[in-house]
2 protein chains.
Amino acid sequence: MDRSGGRVRHSGDLIAALSGRNLAHNLHSDVLWDLGFAIVSGQYAQGSILPPDTELLDRFRVSRTVLREALKTLAAKGLIEARARIGTRVLPRNRWNLFDADVLAWHFELGPEVSFLQSLAEVRIGIEIEAAALAAERRTDDQAGLLLAAVDRMAAARTPEEFARHDLEFHKAVADASGNPFMASISALVEMALTAAFTISSPVNEPEALEQTVAVHRAIAQAILDKSSQRAREAMRIAIAEGFARAAGRMENLESNP
Amino acid sequence: MDRSGGRVRHSGDLIAALSGRNLAHNLHSDVLWDLGFAIVSGQYAQGSILPPDTELLDRFRVSRTVLREALKTLAAKGLIEARARIGTRVLPRNRWNLFDADVLAWHFELGPEVSFLQSLAEVRIGIEIEAAALAAERRTDDQAGLLLAAVDRMAAARTPEEFARHDLEFHKAVADASGNPFMASISALVEMALTAAFTISSPVNEPEALEQTVAVHRAIAQAILDKSSQRAREAMRIAIAEGFARAAGRMENLESNP
DNA sequence: CAGGTGAATAAGTATGACAATATTGGTGAC
DNA sequence: GTCACCAATATTGTCATACTTATTCACCTG
């Protein structure tokens, strides 16, 4: 863990860039990402105590202000808890806020494991199925129009990035139409899942896969348009499950044919 | 907004105490809760700019360090974003991390509206249904035992607090048995929903309601024991929907008979 | 009128000192 | 010999002030 010399750009930039997030690089965020990743990757075990301020100060060569703000940010995300005289303890994983974009990004930074992608797909199924059903009950005509338009743009996409952007747009539109603020709040999750999945394998390059993906998304839009919550549920489940299956299959291929 | 004189204890302490969270009161957390609540309550509109550091410093009578750490914490939860020369902007609500325990608590602090409780119930249904189904597929014998034990303790509870504690314990056990880390991560959500619901009306005081609540939880446990994911799904949906319906009904009563 | 240039403003960073707090171990009373 | 209490100590919490950097807006030049 020698950080001698030039500060290393973290690979999280990739995901941040893809998702259009601002990537203002200040000192604080460097320290934050370094520590956040170290914790998520298990380098600092759950329940263990981080090195005291003085040591971290020396390691990162930043001021106390910067270090403490980074630690406060980690605390806000539920990763650590500081107590006087004791030190800064890494909290057990069930206290971490996994629905946080950064925490999620740190998980992906150590190479997305299939099991993690699967867990992600499972929660997405739970939440987005319900979002689709609610959208079918509550949608306005405008919202339905947006959904159909997004599907058309997916079908017309020519690059993986373009496809992913419109796919995300579609899922955000569903969340929006559900009228439930919590649904909109998990777009960070969807974003991460989609960019991860498309980094591994985009349907754009396989005509029949593309056609299938577009078709199932169109089915969701149509069900919502028809105000059929049951059909919306089923179609959404298929969309997410298929997306995960494609990524998982590709990863296994990569393992056998490197 | 004159805060002349003694600092006011925030009512969030109630929820924090009920949920067994540590309530170490440092300056930083005072400022944090004050600002967080002000934002969530709409006192600072989405998209608006917070007063500059100097003014907040003067208002709270704390050091710059404390103020900035509070702001960093809010930023970590997605409520604000600081930009040089512009100021600190309140982000739109869809950027807020509603799955954060604090953000959730601030929402409840301004009197839980029925619509908010409903949104909460909707996401819970989505996530916990899936958790129950997965638990049915993956449970170990030990985990099944814990579930049944929790139900028994619910049935034997004599006070609302006791009942709420074991109810929460039950839902945590389900999340744990699902083997999906995301499911465990939302216990903050469940916690808040349950304490809120029981603050409004606890089934402990109504024998037939208690019996019904226990019965449906026992059905969930039994389905998971039997490895029947479909029955687990249905029972979980009923459990959450009934809990919400009871609270909502009680709130309407309170409105007409104050 | 277009485009560059600099002043003003707000956040970002640095530093050193002091306060609060909880563990640890020792000290004394029973 | 055991227990309760207290002091030493290590670690985070807070403060005050100064300086740096980035960004916008207005002005000024071509």
Side-chain angles (χ1 to χ4, degrees), chain A residues 3 6-7 9-10 13 16 21-36 39 44 47-91 95 102, chain B residues 3 6-7 9 21-36 39 44 47-91 102:
Chain A
R3 300 170 47 80
R7 202 167 293 280
R9 275 294 76 99
H10 41 71
D13 286 354
R21 200 169 298 284
N22 78 330
L23 39 123
H25 266 309
N26 31 21
L27 282 180
H28 151 265
S29 94
D30 269 350
V31 177
L32 171 66
W33 274 75
D34 210 314
L35 284 175
I39 291 173
Y44 294 113
S48 68
I49 304 286
L50 289 186
D53 283 17
T54 51
E55 191 179 325
L56 293 174
L57 240 52
D58 190 53
R59 166 130 115 242
F60 291 113
R61 320 304 305 235
V62 295
S63 72
R64 187 120 187 265
T65 314
V66 171
L67 174 66
R68 288 184 54 80
E69 286 183 3
L71 290 175
K72 271 286 182 285
T73 301
L74 288 173
K77 295 174 187 301
L79 268 64
I80 62 175
E81 185 179 57
R83 300 189 56 179
R85 169 69 213 217
I86 299 294
T88 306
R89 166 173 288 114
V90 177
L91 292 175
R95 294 278 305 268
D102 289 334
Chain B
R3 300 170 45 80
R7 201 168 295 279
R9 275 291 76 98
R21 201 168 297 283
N22 77 330
L23 39 123
H25 267 310
N26 31 23
L27 283 181
H28 153 264
S29 93
D30 268 350
V31 177
L32 171 65
W33 274 74
D34 210 313
L35 284 174
I39 291 173
Y44 293 115
S48 68
I49 305 286
L50 289 186
D53 282 18
T54 51
E55 190 179 326
L56 293 174
L57 240 55
D58 190 54
R59 166 128 115 244
F60 291 111
R61 320 304 304 233
V62 295
S63 72
R64 187 120 188 265
T65 314
V66 171
L67 175 65
R68 288 184 55 78
E69 285 182 4
L71 291 175
K72 272 284 183 288
T73 300
L74 288 174
K77 296 174 186 301
L79 268 64
I80 62 176
E81 183 179 59
R83 297 190 55 180
R85 171 69 212 217
I86 298 295
T88 306
R89 164 173 288 115
V90 178
L91 291 175
D102 290 334

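Being a predicted model, the structure only gives us computed values, none of them experimental. Each chain gets a letter, A, B and so on, in the order the sequences are listed, and its residues count up from 1.
Spacing between atom CG of Asp30(B) and atom P of dG13(D) amounts to 15 Å, rounded to whole angstrom units. Rounded to whole Å, the distance from CG on Leu27(B) to C1' on dG13(D) is 9 Å. One interatomic measurement links the two molecules: CZ of Arg89(A) to P of dT11(D), which rounds to 14 Å at whole-angstrom precision. The separation between Glu81(B) atom CD and dA11(C) atom P is 13 Å, rounded to whole Å. Taking atom CG on Leu67(A) and atom P on dA14(C), their separation rounds to 11 Å, with Å as the unit. Taking atom NE2 of His28(B) as the reference point, atom C1' of dA19(C) lies 18 Å away to the nearest angstrom. Arg68(A) has its CZ atom 17 Å from the C1' atom of dG12(C), to the nearest Å. Note: CD1 (Ile80(B)) to C1' (dG12(C)) measures 14 Å, nearest angstrom.
Summarising the geometry, atom NE2 belonging to His28(B) is positioned 6.0 Å from atom CD belonging to Glu69(B); distances are rounded to the nearest 0.5 Å. Between the CG atom in Leu57(B) and the CG atom in Leu67(B) there is a gap of 5.5 Å [rounded to 0.5 Å].
A 4.5 Å side-chain heavy-atom check between Leu35(A) and Phe60(A) finds at least one atom pair inside the cut-off. For the pair Asp53(A)/Leu71(A), a side-chain contact is recorded, criterion being any heavy-atom separation below 4.5 Å from C-beta on. Contact of the Leu32(B) side chain with the Leu74(B) side chain is registered, since non-hydrogen atoms from C-beta on lie closer than 4.5 Å.
With hydrogens and angles ignored, a donor-acceptor pair under 3.5 angstrom links the side chain of Thr65(A) to the base of dA14(C). Arg85(A) contributes a side-chain N or O that forms a donor-acceptor pair with the base of dT9(D) under 3.5 Å. Not a single donor-acceptor contact under 3.5 angstrom links the side-chain atoms of Arg64(A) to the base of dT13(C).
One finds no side-chain N or O of Ser63(A) lying less than 4.0 angstrom from the OP1 or OP2 phosphate oxygen of dT13(C). Between dT11(D) and Thr88(A), no contact under 4.0 Å exists linking OP1 or OP2 to a side-chain N or O.
Listed nucleotides dT13(C), dC15(D), dT24(D) differ in distance to Asn26(A); the shortest reach to its side chain belongs to dT13(C).
Checking Glu69(B) against Gly87(A), the closest nucleotide of DNA chain D that is more toward the 5' end is the one next to Gly87(A).
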